[in-house]
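For reference, the structure discussed in these notes is given below.
Lettering follows sequence order; numbering is per chain, from 1. Atom set for the values below is all heavy atoms of this structure, side chains included, hydrogens, waters and symmetry mates excluded. Fair warning: this is a prediction, and the values are worked out from it, not measured in the lab.
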Protein chains: 2
Amino acid sequence: MKIEILTKTENQKILNGIISKIRDLMNYKNLEPGDKLPSERMLSEKFDVSRSNLREAIQKLEFYGLLTSKPQSGTFVADIGQVAMNGMIEDILRLEEPDFKSLVETRISLELKTVRLAAQRRTKEDLLQMRMALDAYSEKVKNGEDAVQEDLLFHLAIAKASGNSTMNTFMLIITPQIITNFEKYHVCDKDLAYRGIGEHQDIYEAIKEQNPQLAKAKMKVHFKTLYQYCYNI
Amino acid sequence: MKIEILTKTENQKILNGIISKIRDLMNYKNLEPGDKLPSERMLSEKFDVSRSNLREAIQKLEFYGLLTSKPQSGTFVADIGQVAMNGMIEDILRLEEPDFKSLVETRISLELKTVRLAAQRRTKEDLLQMRMALDAYSEKVKNGEDAVQEDLLFHLAIAKASGNSTMNTFMLIITPQIITNFEKYHVCDKDLAYRGIGEHQDIYEAIKEQNPQLAKAKMKVHFKTLYQYCYNI
DNA sequence: TTTCTTAAATTGGTTAACCAGATTGGTTTG
DNA sequence: CAAACCAATCTGGTTAACCAATTTAAGAAA
């Protein structure tokens, strides 16, 4: 068989095609939670795709919790009924690449929550890590150096201190994309960076004092100065 | 070479081991943004792991936006400096499986935002889809059937109407895990389901009227009844 | 007829061989 | 001397062969 190299978007298209075929099959066969899918080999032949592509598709559905595969046994429908299964797969297929505005919106929403949780739950170790990130940030800014990374680490330290592993994960997912965009558009100028020092300090103090409402307010201030230029992009 | 089948947790451990080795290498070699990593074959030999395992590790770092690999060319460090790179990898390695409480907290926080955005941005198609999900839910409840799926689809319709693809994705990620837990602990009794009809209706109306604050308030009410039993688990 | 045993077939996971495109270094050519 | 060219090599991606655990069902034993 001839080997073909695909770009990532082409590959994505094929994957989505396979996923929709899997959905159709599950509907046609009326597969219910716990039922076993046909084997990978059979499906790849039936759909006329390579087994590795089919595997990728299954793994994507596994990521969203819709299928689970057991070694040497089979791939099974998760505990999700047909209605929800169809709805979710449709959503997954329609998912588009996130735009910068979506990322920023989501970050603000998440951080206004993590900062409150951090104020409630922070341990001494959490405080120490935040302190270190904060100091590293100040140092860089005062030396006139770029401090986007240190800024980021301070915010990630807050996410960690929130004690919510889901939000922590989400912050990790969106953070690098935000950094990339920030650097691309040169969002951070020096004046902004200087103001950032005091704002970080305020947030840190509020968390230290375990004052969730104050922490949230200070985070809001921080975002306001951060993103006042953003929406012109 | 002898083939070994691993459980998913064992595999996860190996993956994390490889990731930390990649981090060490990047530090030792002072790799900067844009620099090329050694080839997969070299790394797999150097780390004494299979190439496929190494590939998985790289793909995980790609998922978090820390590396990008170009076909027939190489794997490159993303536009993230060494400090942030180290911090993020450390966070990724420490990530634990989300507990139910984290999921619920995150869902509430996300949905209180998506519902406001949906009220601002919903199109007529969005309304239609929400209406359909809502009717399907009522129907099921009135027939005394389980309606967890239809409930879910209503909430996903709101996420879609929010016009924020990032939040939409996040909702898709956490939703199946929440359903599974709900069904496991039998959170939803019939009384709750009946009240859900009216609450959904209220949320829908607020979104239709494009009243973000009211929509948020109604969503809060909905969550209150939904999760009043949850925290006993 | 029922239950236990066992061997063959099936399955998802893993490894190794292979492919096509990109890179690179040297050579040729203007 | 510089630019264009070309082939050998290297790279990530893809496929096919292989592995071991599981499942299945046929056969033996009760």
Side-chain angles (χ1 to χ4, degrees), chain A residues 1-19 21-22 25-26 29 31 34-78, chain B residues 1-19 21-22 25-26 29 31 34-78:
Chain A
M1 185 180 228
K2 182 140 181 253
I3 289 184
E4 231 178 317
I5 307 287
L6 302 172
T7 68
K8 270 162 199 181
T9 47
E10 284 171 337
N11 197 42
Q12 190 64 29
K13 251 184 180 173
I14 290 186
L15 239 68
N16 280 354
I18 298 176
I19 288 177
K21 280 177 182 170
I22 292 178
L25 181 86
M26 289 196 293
K29 295 274 184 189
L31 293 188
D35 284 356
K36 191 165 91 171
L37 261 67
S39 72
E40 295 180 351
R41 287 170 183 79
M42 281 181 64
L43 287 180
S44 67
E45 194 174 349
K46 191 183 181 75
F47 297 161
D48 193 32
V49 296
S50 73
R51 193 181 152 204
S52 54
N53 273 138
L54 186 101
R55 234 150 173 291
E56 276 185 85
I58 289 178
Q59 278 163 12
K60 186 165 179 181
L61 292 177
E62 267 192 281
F63 173 77
Y64 285 104
L66 302 183
L67 297 178
T68 54
S69 53
K70 278 169 57 179
Q72 286 78 38
S73 176
T75 303
F76 300 86
V77 178
Chain B
M1 186 180 224
K2 180 136 180 259
I3 289 185
E4 230 178 317
I5 306 288
L6 302 172
T7 69
K8 269 160 200 182
T9 48
E10 284 171 337
N11 197 41
Q12 191 63 30
K13 250 185 181 172
I14 291 186
L15 239 67
N16 279 354
I18 298 176
I19 288 177
K21 280 177 183 170
I22 293 178
L25 181 85
M26 288 196 293
K29 296 274 184 188
L31 292 190
D35 284 357
K36 191 165 91 170
L37 261 67
S39 73
E40 294 179 351
R41 287 168 184 81
M42 280 182 67
L43 286 180
S44 67
E45 195 174 349
K46 191 183 181 77
F47 297 161
D48 193 31
V49 296
S50 74
R51 193 182 152 204
S52 54
N53 272 138
L54 185 101
R55 235 153 172 291
E56 277 184 84
I58 289 178
Q59 278 163 13
K60 185 164 179 180
L61 292 177
E62 266 192 282
F63 173 77
Y64 286 104
L66 303 183
L67 297 178
T68 54
S69 54
K70 278 169 56 178
Q72 287 81 35
S73 175
T75 302
F76 300 85
V77 179

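Asn53(A) has its CG atom 12 Å from the P atom of dA16(D), to the nearest Å. Between the CG atom of Asn11(A) and the C1' atom of dG21(C) there is a distance of 16 Å, given to the nearest Å. The nearest whole Å value for the distance from the CG atom in Leu67(B) to the C1' atom in dT11(D) is 15 Å. If you take CD1 of Ile58(B) and P of dG12(D), they are 7 Å apart, rounded to a whole angstrom. The interatomic distance linking Leu54(B) (CG) with dT11(D) (C1') rounds to 13 Å, in whole Å. Computed from coordinates, the Glu56(A) CD to dT14(C) P distance equals 15 Å when rounded to whole Å.
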What pairs of nitrogen or oxygen atoms, one from the protein and one from nucleotides 6-12 of chain C, lie under 3.5 Å apart?
unit_1  : atom_1 : unit_2   : atom_2 : d
dT11(C) : OP2    : Ser39(A) : OG     : 3.4
dG12(C) : OP2    : Glu40(A) : N      : 2.9
dG12(C) : O4'    : Gln72(A) : N      : 3.3
dG12(C) : N7     : Arg41(A) : NH1    : 3.0
dG12(C) : N7     : Arg51(A) : NH2    : 3.3
dG12(C) : O6     : Arg41(A) : NH2    : 2.8
dG12(C) : N2     : Gln72(A) : NE2    : 2.8
dG12(C) : N3     : Gln72(A) : NE2    : 3.4

Mind listing the N/O atom pairs, protein and nucleotides 5-8 of chain D, below 3.5 Å?
none

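Applying the 6.0 Å contact sphere to NZ of Lys29(A) captures no more than 12 heavy atoms from other residues, nucleotides or ligands.
For the OP1/OP2 pair of dT15(D) and a distance below 4.0 Å, the side-chain nitrogens and oxygens of Ser52(A) include at least one atom meeting the criterion. At the phosphate of dT14(C), neither OP1 nor OP2 sits under 4.0 Å from any side-chain N or O atom of Ser50(B).
Residues satisfying the ring-ring contact (aromatic ring centres under 6.0 Å, His included) criterion with Phe63(B), sequence neighbours excluded, are Phe63(A).
Side chain of Ser73(B) to backbone of Lys70(B): no donor-acceptor contact under 3.5 angstrom is found. Panel note: side chain Glu10(A), backbone Thr7(A); a donor-acceptor pair is recorded below 3.5 Å.
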Residues Lys36(B), Thr75(B); criterion side-chain contact (heavy atoms from CB on, under 4.5 Å); working and verdict: CA-CA 6 Å; Lys36(B) 191 165 91 170; Thr75(B) 302; over 6 Å; no
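With rounding to the nearest 0.5 Å, the separation of CD1 in Ile58(A) from CD1 in Ile18(A) is 9.0 Å. Annotation: the span from Leu37(A) atom CG to Leu67(A) atom CG amounts to 6.0 Å, rounded to 0.5 Å.
Electrostatic pairing of Arg55(B) and Glu62(B) does not count as a salt bridge here, judged by no charged N lying under 4.0 Å from a carboxylate O.
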